[in-house]
Amino acid sequence: EGECELCQNGVAWLQKRLSVTALAYQNIDVGIYRLTERDCAQAVQLILPDRHLSGADAVAYLLRQTRWRTLGSLISVSGPLGRPAYRWLASHRTSVLAKWLNWLIKT
């Protein structure tokens, strides 16, 4: 959970549905997770006991743990589309699409 409003609201949405611990990369030593600040600034990072997921893969995994599992599966199978779409959204966090998604998850 970093400084990005979309990220903060996304984490809050997930925490209402799952037991997850979110750490703002700005407040921790990301090196202990074998990550860089750049990794964390560019995409959400999900650290699991047996693997590490990033970006669209992390979002898809988390959604599959909720009643939104179909959406998570669609993101996974759309790999060649989902990953670039995630990267675009992450680099355009103030776009109309990001604001719309932010509004959706806040309601």
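None of these values were measured; they are calculated from a predicted model.
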[X] to [Y] - nearest heavy-atom pair and separation:
X     : Y     : result
Asp57 : Leu53 : O-CD1, 4.0 Å
Ala43 : Ser54 : CB-OG, 3.7 Å
Ala60 : Gly72 : CB-O, 3.3 Å

Counting only N and O atoms by type, is there a donor-acceptor contact under 3.5 Å from the side chain of Arg69 to the main-chain atoms of Thr66? yes
Taking Gln45 for the side chain and Asp39 for the main chain, is one N or O donor matched with an acceptor at less than 3.5 Å? yes
Between Arg93 and Lys99, does a side chain to side chain contact (heavy atoms under 4.5 Å, CB included) hold up when you go through it step by step? CA-CA 8 Å; Arg93 293 175 182 159; Lys99 289 177 183 178; over 6 Å; no
How long is the straight-line distance from [atom2] of [Y] back to [atom1] of [X], given to the nearest 0.5 Å?
X      : Y     : atom1 : atom2 : value
Arg64  : Thr70 : CZ    : OG1   : 11.0 Å
Ser73  : Leu63 : OG    : CG    : 9.5 Å
His52  : Ile47 : NE2   : CD1   : 4.0 Å
Asn102 : Cys7  : CG    : SG    : 9.5 Å

Test of understanding: clusters of I, L, V, M, F, W, Y form through side-chain heavy atoms closer than 4.5 Å, transitively. Do [X] and [Y] belong to the same one?
X      : Y     : value
Tyr25  : Val44 : no
Leu97  : Leu74 : no
Leu101 : Trp68 : yes
Tyr33  : Leu46 : no
Ile32  : Leu48 : no

Quiz: residues 16-24 side-chain donor-acceptor pairs under 3.5 angstrom, not counting sequence neighbours:
{"unit_1": "Arg17", "atom_1": "NH1", "unit_2": "Trp13", "atom_2": "O", "d": "2.8"}

My understanding is that only one of Ile105, Thr94, Val11 makes a side chain to side chain contact (heavy atoms under 4.5 Å, CB included) with Leu6; could you say which? Ile105
For atom CD of Glu37, decide whether the heavy atoms of other residues, nucleotides or ligands shown that lie under 6.0 angstrom number more than 12. no
Which residue pairs satisfy the ring pair (Phe, Tyr, Trp, His ring centres under 6.0 Å) criterion with at least one member in residues 83-107, sequence neighbours excluded? Trp88-His92
How about Arg83 and Ser78: does a side-chain donor come under 3.5 Å of a side-chain acceptor? no
